[in-house]
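Below, all heavy atoms of this structure are taken into account, side chains as well, without hydrogens, waters or symmetry copies.
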Amino acid sequence: MTLTLRSSTSFINLKDTRSLKTPDQEFSSNAIFFAQTKPSSRIRAAKISMMQEAAQLSREKAPISTEGWRNEERAAPEKLHALSGRHRANNDSRVPVFVMLPLDTVTHGGNLNKPRAMNASLMALKSAGVEGVMVDAWWGLVEKDGPLKYNWEGYAELVQMVQKHGLKLQVVMSFHQCGGNVGDSCSIPLPPWVLEEISRNPDLVYTDKSGRRNPEYISLGCDSLAVLRGRTPIQVYTDYMRSFRERFEDYLGEVIVEIQVGMGPCGELRYPSYPESNGTWRFPGIGEFQCYDKYIRASLKAAAEAKGKSDWGISGPHDAGQYNQFPEDTGFFRREGTWNGEYAQFFLEWYSGKLVEHGDRILAAAEGVFQETGAKLSGKVAGIHWHYRTRSHAAELTAGYYNTRHRDGYLPIARMMGKHGVVLNFTCMEMKDGEQPEHANCSPQGLVRQVKMATRSARIELAGENALERYDESAYGQVLATSRSDSGNGLCAFTFLRLNKRLFEENNWRNLVQFVKGMSEGGRNTRLSECDSSGTNLYVGFIKEKNAKDVKEVALV
């Protein structure tokens with residue numbers, strides 16, 4: 001039978017190029033359907049029992065310093081300086097594929113959401129050859145009842161279910177708010193007791209030059225200040241991670257194979273320079289610098305005075321424009337703008353340096369907590385590909401990546417992560433330059449090449465994600481090509497965004513299975529075949545049971 005869905009959804013617009021998570025759509029029906037078709041006898045026997053069990057389930061009611069280097073033109077990657085050092089060549093290596101679970105996998109009450117549906121979905125993913133799944137461990141859910149009061153029970157149920165199916169688990173220490181960005185299909189704010197502290201002291205969160213506060217994440221300016229009921233943010237994050245380690249000690253390294261450490265909005269190491277909530281920012285705007293809470297301003301003032309330029313410490317650049325402008329609309333970011341002057345160099349080094357220091361502090365804490373557990377550590381960097389072809393790379397600069405025509409902004413980040421043995425996780429792996437709108441000056445392919453070379457130079461592993469929800473052969477083929485080490489570092493793992501009902505539609509499921517198979521071959525086969533003709537047991541779409549009804553339902557998350 002062929003996996004089909006009784007639903008109607010439209011495909012994405014390939015011109016929508018925001019390097020952010022895309023909607024985890026609400027499921028109007030918790031069922032996928034198997035329509036009867038001509039069987040494939042080669043794989044029928046291997047999968048009949050799995051489908052019978054899944055069908056039965058459906059009938060139940062589911063509840064450092066920064067460094068610069070010059071290159072002639074980022075748009076021409078062949079002109080980049082050659083990078084030395086050993087790197088992991090995985091042309092012939094298997095690249096394991098994980099699938100992100102829904103954002104609301106655990107409910108506000110702390111329970112596993114739709115456990116029977118999750119069980120059936122994990123069963124199907126296992127049959128497709130997927131290595132495992134990824135889940136957000138939301139700070140706003142786990143520690144919502146008060147400081148040091150943790151509830152891991154919903155996650156414990158998931159871990160046991162993942163283990164039962166022989167899958168692996170990547171867990172994100174999500175210290176950010178869910179809601180207000182692309183793909184945020186539910187709302188999970190920071191813990192209530194943290195929001196109370198923010199209401200008393202609004203400078204605890206990032207602030208722009210107009211005084212707008214962003215509640216997504218605690219400002220890095222107060223990392224080392226005891227502003228959260230006697231603890232610093234870094235201490236709070238450390239206690240949280242330590243509680244997780246103690247609760248799941250028996251699973252770390254075996255079932256839980258990776259801990260991704262959240263370091264900013266959307267879990268990414270960056271400033272919230274392009275917030276979508278309330279229409280503040282729209283693609284492909286340049287964004288705004290986020291350095292106006294009192295703690296970050298104090299740091300800027302001190303840095304300027306130390307340089308003997310006290311007037312540089314008053315504020316950020318006055319001519320950097322607004323969220324939705326283009327580089328040429330501003331005095332700072334335009335082609336011959338002030339972004340390349342002495343003041344700008346000071347400010348951008350400080351602004352990006354504070355971000356790298358923030359990541360260094362959190363990852364050092366994570367390393368101390370999870371060392372010798374057998375679980376890998378990873379950190380996520382945003383794929384800000386719009387205005388990449390301009391000289392100033394404005395959108396990257398406001399996010400905290402000091403990456404311009406004259407300077408590599410990703411090598412310092414990669415080297416910082418290398419200090420702690422952390423895998424760099426990067427997005428927009430599925431995007432092609434030719435799919436992007438001309439006016440946005442995008443180059444996701446050039447950006448990915450640069451990051452691959454930075455991780456190669458820093459001798460760290462690189463993992464990837466897709467930025468947009470896509471199921472087409474072109475996107476999968478691009479990831480397959482990117483996974484190889486032909487241009488810089490190859491991928492050590494890939495996490496697909498995201499598990500939902502569309503994934504199980506007939507063509508989408510077929511493409512996923514072929515993609516997983518290609519990644520298991522080291523990304524050498526970049527073309528997705530139309531059917532499984534190799535005799536593998538990976539593709540479970542074509543199965544016909546004896547005396548099967550025309551349609552059978554299987555619960556889906």
Report task. Check step by step if ring pair (Phe, Tyr, Trp, His ring centres under 6.0 Å) holds for W139 and Y237. Result -> CA-CA 9 Å; W139 182 28; Y237 303 151; 5.6 Å; yes
Which heavy atom in [X] sits nearest to a heavy atom in [Y], and how many Å separate them?
X    : Y    : result
A382 : E268 : CB-OE1, 3.4 Å
F426 : V381 : CD1-O, 3.4 Å
L397 : N403 : CD2-N, 3.7 Å
L195 : P189 : CD1-CB, 4.0 Å
Y401 : I384 : CE1-CD1, 4.0 Å
L491 : A463 : CD2-C, 4.1 Å

Query raised in the report: Does any non-hydrogen side-chain atom of H420 lie less than 4.5 Å from one of D360?
Result: yes
Report task. Indicate yes or no: at least one non-hydrogen side-chain atom of L424 is less than 4.5 angstrom from one of V451. Result ->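 Yes; the side chains approach each other to less than 4.5 Å.
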Quick check: does any side chain N or O of [X] sit under 3.5 Å from a backbone N or O of [Y], one acting as donor and the other as acceptor?
X    : Y    : answer
D136 : S174 : no
N489 : I460 : yes
R270 : A399 : no
E505 : N507 : no
E430 : A467 : yes
Q235 : T232 : yes
N441 : H393 : no
W509 : A128 : no
S219 : G221 : yes
W193 : E143 : yes

Which distance, rounded to the nearest 0.5 Å, do you find between the [atom1] of [X] and the [atom2] of [Y]?
X    : Y    : atom1 : atom2 : value
L101 : L499 : CG    : CG    : 6.0 Å
N119 : H165 : CG    : NE2   : 3.5 Å
W281 : Y323 : CH2   : OH    : 11.5 Å
R498 : N466 : CZ    : CG    : 9.5 Å
F496 : M100 : CZ    : CE    : 9.5 Å
M134 : K168 : CE    : NZ    : 15.5 Å

With no hydrogens and no angle check, do the side chains of [X] and [Y] hold a donor and an acceptor under 3.5 Å apart?
X    : Y    : answer
W350 : S299 : yes
S243 : W152 : yes
H385 : D433 : no
T427 : K380 : no
K144 : N151 : no
E216 : H176 : no

Between [X] and [Y], does any side-chain N to carboxylate O distance fall below 4.0 Å?
X    : Y    : value
R470 : E435 : yes
E197 : R229 : yes
E469 : R502 : yes

In residues 246-266, what donor-acceptor pairs under 3.5 Å come from side-chain atoms, sequence neighbours left out?
from, atom 1, to, atom 2, distance (Å)
R247, NH2, E153, OE1, 3.4
E258, OE1, Q170, NE2, 3.0
E258, OE2, S378, OG, 2.6

Report task. Indicate, with yes or no, if the rings of H358 and Y217 have centres closer together than 6.0 Å. Result ->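 Between Y217 and H358, which both carry aromatic rings, the centre distance is below 6.0 Å.
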Query raised in the report: What do you reckon, are the aromatic ring centroids of F515 and F494 less than 6.0 Å apart?
Result: yes
Query raised in the report: Of K452, R415, E396, Q450, which meets side-chain hydrogen bond (donor to acceptor under 3.5 Å, both in side chains) against Y410?
Result: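 Among the candidates, only E396 passes.
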Report task. Going by the salt bridge (Lys or Arg N to Asp or Glu O under 4.0 Å) test, name the single residue among D293, D203, D208 that passes it with R213. Result -> D203
**Report entry** ring pair (Phe, Tyr, Trp, His ring centres under 6.0 Å) assessment of Y155 paired with Y150
**Finding:** CA-CA 11 Å; Y155 293 99; Y150 307 105; over 10 Å; no
Report summary line: The ring pair (Phe, Tyr, Trp, His ring centres under 6.0 Å) partner of H387 among F326, F283, F333 is F326
**Report entry** Candidates Y351, Y402, F289 - the one meeting ring pair (Phe, Tyr, Trp, His ring centres under 6.0 Å) with Y271
**Finding:** Y351
Query raised in the report: Under the salt bridge (Lys or Arg N to Asp or Glu O under 4.0 Å) criterion, do E461 and K376 qualify, and how do the steps go?
Result: CA-CA 11 Å; E461 289 187 304; K376 278 188 177 183; 2.7 Å; yes
